[in-house]
There are 2 protein chains.
Amino acid sequence: MANHDPDLNLIFQALSDPTRRAMLARLGKGAVPVGELARPTGLALPTVMRHLGVLEQAQLIATEKTGRTRMCRARPETLAATADWLAEQRAIWEGRADRLEAYVMTLMQRGDADGPDADD
Amino acid sequence: MANHDPDLNLIFQALSDPTRRAMLARLGKGAVPVGELARPTGLALPTVMRHLGVLEQAQLIATEKTGRTRMCRARPETLAATADWLAEQRAIWEGRADRLEAYVMTLMQRGDADGPDADD
DNA sequence: ATCATGGTTAGCCATAAGACTAAGTATCAC
DNA sequence: GTGATACTTAGTCTTATGGCTAACCATGAT
């Protein structure tokens, strides 16, 4: 219910930057504080903060501050929604239904909280 | 072999614009000349041309000029490659292998010309 | 040859993106 | 309470993006 529908504009925009994709990849392995996330990029902290802002606005990550450190973690549902959009397009582009079937299969396999969510 | 490896930067950047996604959607239903592609957008031709340039550079579409009209069509392989990247990330994010399995299944199911293409 | 049609090039403008430095705020460790 | 640590905020800079108009080139029809 807390799903403020994902905005493809923001999501794709966020994914279009290699630094951000790298940060996401690192976040895929677990939550990480801002500083650690920043170090491997070689960028200044404010720059990283901005990237995080973009990712958070796109709902690809969530952050939470505890004491003086801010933890960042990935939001899989958003990536899932994006994958769904792509799968849909692919099904259309390839002009047949079997792609869509396979994709629906994966949906059924997870069949948990973040369901099909046919909003578009 | 004519696959000038897809660049995720360009692809996501291209997908981040709603106008371009709309053009892609239309292109999903078949090849269309520039003019027709432009009309529903309400944008000036040069603007549309630029969008097409972005899409073409990202290899999401291909265009070919015949006489004085230029035909545009979608490049499904590129979308597939992108979907693959997303599926990979999703598998990682969700911290287990069953996603990846499901995804590999779909790869096997198509198992035609545009296969896994482990060139990256 | 002339003209309309369909696309292309060139150039302008406004806004947004990505990066930085410098200075500020808020913990936590002494 | 001092000082280090971990972010934050503010402001600047450069380049890219998305939109336009105006003028140009190429092709098809008359």
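To find a chain, count down the sequence lines: A is the first, B the second, and so on, and within it residues start at 1.
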- Task: In whole angstrom, give the distance that lies between atom CG of A:Leu55 and atom P of C:dG18.
- Result: 10 Å
- Could you tell me the separation between the CG atom of A:Leu15 and the C1' atom of C:dA17, rounded to a whole number of Å? 16 Å
- Item | For atom CG of B:Asn9 and atom P of C:dG18, their distance in whole Å | 10 Å
- Task: Given side-chain contact (heavy atoms from CB on, under 4.5 Å), test B:Thr69 with B:Val34 step by step and report yes or no.
- Result: CA-CA 7 Å; B:Thr69 72; B:Val34 174; over 6 Å; no
- Find which nucleotide of DNA chain C each of B:Val34 and A:His51 is nearest to by heavy atoms, and output the residue with the more 5' nucleotide. B:Val34
- Message: Check the orientation of A:Trp85 and A:Phe12. Use parallel for under 30°, tilted for 30 to 60°, and perpendicular for over 60°.
- Response: perpendicular
- Protein-to-nucleotide contact annotation, 5' to 3' order, nucleotides 20-30 of chain C [B base; S sugar-phosphate only; - none; under 4.0 Å, heavy atom]: BBB----BS--
- Any donor-acceptor N/O pair, A:Thr63 side chain to A:Arg70 backbone, under 3.5 Å: no
- Whether B:Arg73 side chain and B:Ala62 backbone form a donor-acceptor pair below 3.5 Å: no
- Item | Atom-to-atom span, CE of B:Met49 to P of C:dA10 - whole angstrom | 12 Å
- Query: B:Leu52 CG to C:dG6 C1': how many Å, rounded?
  - Reply: 13 Å
- Message: Hydrophobic clusters here meaning ILVMFWY residues chained together by side-chain heavy-atom distances under 4.5 Å, can you tell me if B:Leu8 and A:Leu10 are in one?
- Response: no
What pairs of donor and acceptor atoms, side-chain ones from residues 35-54 of chain B against any protein atom, are under 3.5 angstrom apart with sequence neighbours left out?
from	atom 1	to	atom 2	distance (Å)
B:Thr41	OG1	B:Ala38	O	2.6
B:Thr41	OG1	B:Leu43	N	3.1
B:His51	ND1	B:Arg20	NH1	3.1

- Task: Round to a whole Å and report the spacing from CZ of B:Arg70 to C1' of C:dT8.
- Result: 9 Å
- Regarding the side chain of B:Thr19, the nearest nucleotide among D:dG18, D:dG19, D:dC7 is D:dG19
- Query: Could you state the interatomic distance from NZ (B:Lys65) to CE (B:Met71), rounded to the nearest 0.5 Å?
  - Reply: 13.0 Å
- Item | Nearest-Å distance for atom pair CE/C1', residues B:Met23 and D:dG19 | 13 Å
- Which nucleotide in C:dG18, C:dG7, D:dG18 has an atom nearest any side-chain atom of B:Asp17: D:dG18
- A:Phe12 CZ to C:dA17 P: how many Å, rounded? 17 Å
- Task: Measure from the side chain of A:Thr69, starting at C-beta and using heavy atoms only, and say which of C:dT8, D:dC7, D:dG18 lies closest.
- Result: D:dC7
